[in-house]
Undergrad: 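Dropping the structure in here first, questions after.
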Amino acid sequence: MLSLKYIRENREWVEKVAKGKNIEVDIDKLLELDDRLKKLQVKIDKLRHERKLLAKQKFTEGLREKGKKIKEELKKLEAEYEEVKKERDEIWKRVPNVVYKEVPFGKDENDNVEIKRWGEIPKFDFKPRSHIELGERWDIIDFKRGSKVSGFRGYFLKKELAVLHMALLWWAFQKLVAKGYTPFTAPAIVKGFTLFGCGQFPWGERETYVLNDKDAYLAGTAEQPITSYYANEVLSWKELPKKFVAISPCFRREAGAHGKDTRGIYRLHEFWKVEQVIIAPADDEKARELHEELQKNTEEIWQELKIPYRVLLMCTGDMGEPQAKKYDTEAWMPGRGGWGEVASNSIMTDFQARRLNIRYKDKDGKTKFVYTLNDTAVPSPRALIAIIENYQQKDGSIKVPEVLQPLVGFGKIPSGRF
RNA sequence: GGAGGAGUCGCCUAGUGGUCCAUGGCAGCGGCCUGCUAAGCCGCGCCCCGAUUUUCGGGGCUCGUGGGUUCGAAUCCCACCUCCUCCGCCA
């Protein structure tokens, strides 16, 4: 959410960014409705003032008459106010966040800017296999029974891969804990306000699983429960920034992606993620610093796994509505013969905090909205694709990355243990 | 799932239809005062309007949320949310 004051004072910029994010918003209408609302408020405030004065006087029949009149008039005006407010908010909540000046304008993923590349793309002296082929060969992924039991995009991880999956999550989790990030396990069942607050709603409603309860949804990422953790609270500048690492299951309907990545464990309805979240003071420079810190954490993970990756600065057309700046990290996946997204690192400025009402008292005693940031540490099973495919050997076996060997207790797949 | 109790400003707390434009304390921040420190005093949320527009004046809102009753609601009624106690079921 942007403040209406900001929108009013920077309307051309807001319109330009919205367009850049491929979003249609009628700022004229928004401001016109807001003007109407203000005028109504003045009228209502005047009437309420009169009512208050009456209520202070000694009670008489005449007073009752006057009071009734005011009451009826107020009722009409308040109804009108609510109607206009609803209309205004409907537009307001669809205005996306503005972006940092270093963010490139662009239409879609083709206009993202590659800013870094790490590692050597492996050269195989054989035709590399995909994780799908290897997964079935060693009976460590079962797609057939996955879809039988769970439906489209259903899967089972088995044997060594089930162990590797847990090890990877645990290893990444521990790494962040060692860096001072507060460990969380987060609920995956969340109320609607968290999804609206994080900017999932209204744009991504079709992406979200709705449970049969009145106000219960499945979270698409721990960003949602963790960022909402301090909703409606007032923090102190002394406790900021607060850094969290959370592990949670993630659920996505992938409603807009039916034809995409239909095979394998790249795009799933259900997966696990270790997520980094930071609640920060309202300071753009500090936010940039923390954003780089998150990025460094993510890159360390891929460096220690010894898997090549690249980092993209996302253009407006490939950014989410709440984001002011975003990096994607993509790991090399030989089976695709290309890069696959494994982390998404964003500064939201106070866009989410305004919707979630998370504030803090600054040094000067002023109450401000916090800034929020989040970045994937590791998504799994997707990250397993990069491990399986980069570590495959000529005979089809898969080496286990050195850093994970002590956790899983074997050095290659098949291990002969299951 | 059933029965009972509770939710007031960052935290604690007073308040059971008009004397509440919500009491008192604590913490934090700013200011005043001041050899130093401490104490003391004043202020402290959100929205709107006006002007002599980093400030001042006026009004409104804010007692878990949303409705309702009433001339008037923190207070009465209804629904919902959350927490506590007990019963039932249960990994």
Side-chain angles (χ1 to χ4, degrees), chain A residues 1-9 30-93 185-197 201 210-217 219 224-225 228-242 249 279-283 350-370:
Chain A
M1 214 83 155
L2 294 170
S3 75
L4 284 160
K5 189 166 175 246
Y6 182 90
I7 295 173
R8 223 171 255 285
E9 287 167 1
L30 173 64
L31 296 180
E32 183 207 311
L33 286 167
D34 192 51
D35 285 337
R36 270 180 68 194
L37 207 59
K38 283 177 179 172
K39 280 183 190 134
L40 279 169
Q41 184 170 353
V42 172
K43 280 191 197 168
I44 289 171
D45 282 357
K46 271 187 188 157
L47 277 175
R48 284 182 177 163
H49 181 57
E50 270 180 58
R51 178 177 68 183
K52 216 173 230 183
L53 293 179
L54 274 187
K56 274 188 182 164
Q57 290 170 27
K58 211 173 168 207
F59 179 75
T60 62
E61 278 304 315
L63 188 148
R64 188 203 299 258
E65 287 298 304
K66 274 192 196 167
K68 273 198 165 160
K69 249 189 187 164
I70 289 174
K71 194 170 159 177
E72 270 162 40
E73 227 173 306
L74 257 179
K75 208 170 186 177
K76 266 189 228 158
L77 282 173
E78 281 170 350
E80 194 185 343
Y81 182 91
E82 282 312 312
E83 209 174 296
V84 176
K85 183 170 185 289
K86 208 177 147 192
E87 219 182 315
R88 181 199 68 178
D89 292 352
E90 205 51 47
I91 301 175
W92 189 12
K93 71 188 188 188
T185 53
I189 298 174
V190 293
K191 292 195 190 181
F193 86 89
T194 66
L195 301 178
F196 171 77
F201 291 172
V210 183
L211 300 178
N212 285 332
D213 297 40
K214 277 186 197 122
D215 185 22
Y217 304 83
Q224 295 153 355
S228 307
Y229 186 75
Y230 289 110
N232 301 318
E233 296 191 29
V234 181
L235 308 169
S236 161
W237 65 274
K238 282 183 191 158
E239 14 175 13
L240 300 180
K242 282 174 172 285
I279 309 290
D283 178 328
D350 58 3
F351 188 86
Q352 295 179 324
R354 282 176 188 280
R355 292 175 163 231
L356 290 166
N357 192 29
I358 309 172
R359 292 166 298 166
Y360 74 104
K361 287 245 184 210
D362 206 353
K363 268 182 211 172
D364 55 13
K366 283 210 174 108
T367 310
K368 297 175 179 167
F369 288 104
V370 300

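Computed from a predicted structure; not experimentally measured. Naming: A, B, ... by sequence-line order, numbering from 1 per chain.
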Undergrad: What integer distance in Å separates A/Lys43:NZ from B/G50:C1'?
TA: 18 Å
Undergrad: Can you measure A/Gln41 atom CD to B/C47 atom P for me and round it to whole angstrom units?
TA: 10 Å
Undergrad: Rounded to the nearest angstrom, tell me the gap between atom CZ in A/Arg359 and atom C1' in B/G10.
TA: 10 Å
Undergrad: Would you mind telling me which of B/G28, B/C71, B/G60 lies closest to the side-chain atoms of A/Lys238?
TA: B/G28
Undergrad: Rounding to a whole Å, what distance do you find between A/Arg64:CZ and B/G17:P?
TA: 19 Å
Undergrad: Which residue lies toward the 5' end of RNA chain B, A/Asp34 or A/Gly67, if each is placed at its nearest nucleotide?
TA: A/Asp34
Undergrad: What integer number of Å spans the C1' atoms of B/U8 and B/C61?
TA: 16 Å
Undergrad: What is the base-pairing partner of B/G57, counting Watson-Crick and G-U wobble geometry with both distances under 3.5 Å?
TA: B/C49
Undergrad: Taking pairing as Watson-Crick or G-U wobble with both contacts under 3.5 Å, can you name the mate of B/C9, or confirm there isn't one?
TA: none
Undergrad: Who does B/U85 pair with, Watson-Crick or G-U, both distances under 3.5 Å?
TA: B/A3
Undergrad: Could you tell me whether the phosphate oxygens of B/C71, OP1 or OP2, come under 4.0 Å of any side-chain nitrogen or oxygen in A/Lys71?
TA: yes
Undergrad: Roughly, in whole Å, what's the span from NZ in A/Lys361 to C1' in B/C26?
TA: 15 Å
Undergrad: Quick one: closest heavy-atom pair of A/Thr194 and A/Leu356, and the distance?
TA: CA-CD2, 4.3 Å
Undergrad: Would you kindly give the CG-to-P distance between A/Asp35 and B/C47, to the nearest whole Å?
TA: 16 Å
Undergrad: Any strand is fair game: report the nucleotide pairing with B/G72 by Watson-Crick or G-U wobble, both distances under 3.5 Å, or none.
TA: none
Undergrad: For a salt bridge (Lys or Arg N to Asp or Glu O under 4.0 Å) with A/Asp34, tell me which candidate from A/Lys5, A/Lys39, A/Lys85, A/Arg8 qualifies.
TA: A/Arg8
Undergrad: Side chain of A/Lys191: nearest nucleotide among B/U70, B/U82, B/C49?
TA: B/U82
Undergrad: Without decimals, in angstroms, what is the distance between A/Asn357 CG and B/G10 C1'?
TA: 13 Å
Undergrad: Does B/C63 have a Watson-Crick or wobble partner in any strand here, with both distances under 3.5 angstrom, and which is it?
TA: none
Undergrad: Start with the C-alpha distance between A/Val370 and A/Arg359, add both sets of side-chain angles, then the distance that settles side chain to side chain contact (heavy atoms under 4.5 Å, CB included), and finish with yes or no.
TA: CA-CA 5 Å; A/Val370 300; A/Arg359 292 166 298 166; 6.0 Å; no
Undergrad: How far does the P atom of B/G28 sit from the matching atom of B/U82, given to the nearest Å?
TA: 35 Å
Undergrad: When you look at CD of A/Glu233, are more than 12 heavy atoms from neighbouring residues, nucleotides or ligands closer to it than 6.0 Å?
TA: yes
Undergrad: Tell me whether the count of non-hydrogen atoms from other residues, nucleotides or ligands lying under 6.0 Å of CZ in A/Arg354 goes above 12.
TA: yes
Undergrad: Ignoring hydrogens, what is the shortest heavy-atom contact between A/Phe201 and A/Gly192? Give both atom names and the distance.
TA: CD1-O, 4.2 Å
Undergrad: Sort out the partner of B/G30 for me: Watson-Crick or G-U wobble, both distances under 3.5 Å, none otherwise.
TA: B/C42
Undergrad: So which atom in A/Tyr230 and which in A/Lys242 form the shortest heavy-atom distance, rounded to 0.1 Å?
TA: OH-NZ, 3.1 Å
Undergrad: Nearest nucleotide by nearest heavy atom, which residue falls closer to the 5' end of RNA chain B, A/Glu82 or A/Lys68?
TA: A/Glu82
Undergrad: Provide a list of protein-nucleic acid N or O atom pairs under 3.5 angstrom, restricted to nucleotides 61-63 of chain B.
TA:
unit_1 : atom_1 : unit_2  : atom_2 : d
B/C61  : OP2    : A/Lys52 : NZ     : 2.8

Undergrad: Atom CG of A/Leu54 and atom C1' of B/C71: how far apart are they, to the nearest Å?
TA: 7 Å
